[in-house]
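Throughout, residue positions are numbered sequentially from 1 according to the sequence presented.
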Amino acid sequence: MPELIDAPDLGGLPDLKIQAGQIPNDLEPWDQRDPDNLQIFIKVPGVLSMLVENGKSITYAPEKGVPEDEIRLFLLGSGLGALLMQRGFLVVHGNAVVPKGRYDALLCVGESGAGKSTTAIAMLQRGHQILADDVAPIDAHGFVHPGMARAKLWQKTADKLGIDTTRLARIRAQDDKFNLPLGAAHATTPTRLSAIFCLSPDPNHKGKPKVEEVTGVAKFVTLRNNLYRPEQLRIMRLEAGLLGRLTALADQTPVYRVSRSLDGFEIDALLDALLDTNEATRHG
C-alpha cells in the first residue's frame, strides 16, 4: 500500500492487519451482524466487500477485475475510517495543516466543493505541512493524528494552482483526481488542534473572505455535520459516546465560519485570513 508510510519494526504482532479473505455471501450493505463484537460489514457495489473488526483488522473480498488502486481507495477510506472509529477516534471529514513555526494544527471542513483540498495544497505551496488530507482522526486529548503521505488533487485545483499532473498517478482511472505525494511536507506527529474553519462559499458574498466565530450550539452542529461517514457510527452503536467527545471538542476549540465569493477564488486572501485568525488563537 504505497499510500502508507513505513513504520518502525515494533518486534511483535502488527498493529493492524489488512488482508484478502472470505466474506459471507449474504451480507447487506452496512450490516452490523454481531452486536457482541465491534464490527461492521461494508459493501461497495462493483468494487469490494469489507469486514472491519474490533479496531484491529480489515478483511476484504474484491470483485473480479477491479484495479488494485481502486480497492485501496475504499480500504483506506471507508474501511480505515470505520476502524479508527472503533478505536475511539473522532473522525472528521476535513484537511489538517500545521503552519510554519507553530506546534499546533488548523482544520478546514466544509461541504464538497467548498475548497478544502485547494486550501490545503495552497498552504503546501507556501511551505506549510499537511497533517491529514480528507480524513482527520482526532483523539480524546484533542490531537489530530497524521493521515496518508499524499493529498488528493483534482485537475481543476491543479490548474488553479499551477501544478503539472502529467506525472501523477490517478486515484481512479475514471476520475480527474490524482495522488500528490507529500514527502517532507507531510507532518507525521500527532498535533494539537488549535482552530477549526468551516469553508462556506456564498453566492451573496463579495470581496475578500470574511471570518466569523461560531458560538453556542452552532459550534456542535457545525462539527457534527462534518463527521466522516456518520452512518458508520450509528451502525456500530458508537454515536452516543463519540458525540459526547464532539461536545468536548466544541467546548475547547474555536470554530470559525469562513465566507467567500463564488466568483473568483481569492486563494491568497483566504490563506491570509485563516493563518491570521489561527495565529490570534495563541493570544486568545
Side-chain angles (χ1 to χ4, degrees), residues 3-5 76-77 80-81 84-85 87-110 114-153 157 180-200 209 211 213-214 219-220 222-228 242 245-258 267-268 270-284:
E3 295 84 0
L4 302 179
I5 58 175
L76 299 176
L80 192 56
L84 288 167
M85 294 173 199
R87 291 191 176 193
F89 284 92
L90 196 62
V91 185
V92 177
H93 188 196
N95 296 63
V97 174
V98 179
K100 289 183 295 184
R102 291 199 58 159
Y103 299 96
D104 47 27
L106 63 88
L107 178 65
C108 291
V109 300
K116 300 186 296 295
S117 294
T118 302
T119 301
I121 294 172
M123 288 278 194
L124 181 71
Q125 291 181 314
R126 283 198 181 188
H128 307 294
Q129 289 186 305
I130 293 180
L131 178 63
D133 175 74
D134 196 44
V135 179
I138 304 172
D139 67 22
H141 304 289
F143 281 73
V144 183
H145 285 240
M148 308 299 163
R150 58 98 178 97
K152 295 178 182 178
L153 175 67
T157 298
L180 178 67
L182 296 178
H186 182 215
T188 58
T189 303
T191 305
R192 181 175 293 281
L193 183 60
S194 59
I196 300 168
F197 296 91
C198 184
L199 305 183
S200 303
V211 180
E213 187 167 6
V214 180
K219 289 180 68 175
F220 174 84
T222 298
L223 297 180
R224 183 195 62 192
N225 290 346
N226 287 282
L227 288 175
Y228 182 78
L242 289 184
R245 287 263 312 281
L246 196 64
T247 301
L249 181 65
D251 287 342
Q252 68 189 31
T253 309
V255 176
Y256 301 93
R257 174 185 170 87
V258 184
I267 187 63
D268 287 325
L270 176 62
L271 298 193
D272 289 341
L274 298 182
L275 292 168
D276 289 347
T277 304
N278 190 59
E279 180 65 25
T281 63
R282 181 180 296 179
H283 311 289

So, does Arg257 use its side chain to make a donor-acceptor pair with the main chain of Thr222 at under 3.5 Å? no
Counting C-beta onward and ignoring hydrogens, is there a side-chain heavy-atom pair between His186 and Met148 closer than 4.5 Å? no
Would you confirm whether Thr157, through its side chain, and Leu153, through its main-chain N or O, come within 3.5 Å as a donor-acceptor pair? no
Partner of Ile196 under side chain to side chain contact (heavy atoms under 4.5 Å, CB included), picked from Val214, Val92, Val109, is Val109
Once rounded to the nearest 0.5 Å, what's the spacing between atom CD of Gln252 and atom NE2 of His141? 10.5 Å
Decide side chain to side chain contact (heavy atoms under 4.5 Å, CB included) for Leu106 and Met123; before the verdict, give the C-alpha distance in whole Å, the side-chain angles of both, and the deciding distance to 0.1 Å. CA-CA 11 Å; Leu106 63 88; Met123 288 278 194; 4.3 Å; yes
Rounded at 0.5 Å granularity, tell me how far CG in Leu270 sits from CG in Leu199. 6.0 Å
Where do Val98 and Ala105 come nearest, in terms of heavy atoms and distance? CG2-CB, 4.2 Å
Side chain to side chain donor-acceptor pair (under 3.5 Å) partners of residues 91-101, not counting sequence neighbours, each pair once: His93-Asp134, Asn95-Asp133
Supply the atom-to-atom distance Leu246 CG to Leu90 CG, rounded to the nearest 0.5 angstrom. 5.0 Å
So which heavy atom on Asn278 is nearest to which on Phe197, and how close? N-CZ, 4.0 Å
In Å, rounded to the nearest 0.5 Å, how long is the span from CD1 of Ile130 to CG of Leu182? 5.0 Å
With rounding to the nearest 0.5 angstrom, report the OG1 to CG distance, Thr191 to Leu131. 5.0 Å
Any donor-acceptor pair under 3.5 Å linking the side chain of Lys116 with the backbone of Gly110? yes
Arg245 side-chain N/O to Phe89 backbone N/O, donor-acceptor pair under 3.5 Å: no
Are the side chains of Leu275 and Arg126 in touch, meaning some heavy atoms are under 4.5 Å apart? yes
If every non-hydrogen atom of Pro146 is compared with every non-hydrogen atom of Ala187, which pair is closest and at what distance? CB-O, 3.4 Å
Got Leu249 and Leu193 here, is their nearest side-chain heavy-atom distance under 4.5 Å? yes
For Val91 versus Gly81, what's the shortest heavy-atom pair and its separation? CG2-O, 4.0 Å
Where do Val135 and Ala132 come nearest, in terms of heavy atoms and distance? O-CB, 3.5 Å
Kindly write out the residues that satisfy side-chain contact (heavy atoms from CB on, under 4.5 Å) with Ala250, not counting sequence neighbours, or none if the list is empty. Lys219, Leu223
Report yes if the side chains of Cys108 and Leu274 come closer than 4.5 Å at any heavy-atom pair, otherwise no. yes
With no hydrogens and no angle check, is any side-chain donor or acceptor of Thr253 less than 3.5 Å from a backbone partner on Ala195? no
Kindly write out the residues that satisfy ring-ring contact (aromatic ring centres under 6.0 Å, His included) with His128, not counting sequence neighbours, or none if the list is empty. none
Value for CG (Leu227) from CG (Leu242), rounded to nearest 0.5 Å, stands at 8.5 Å
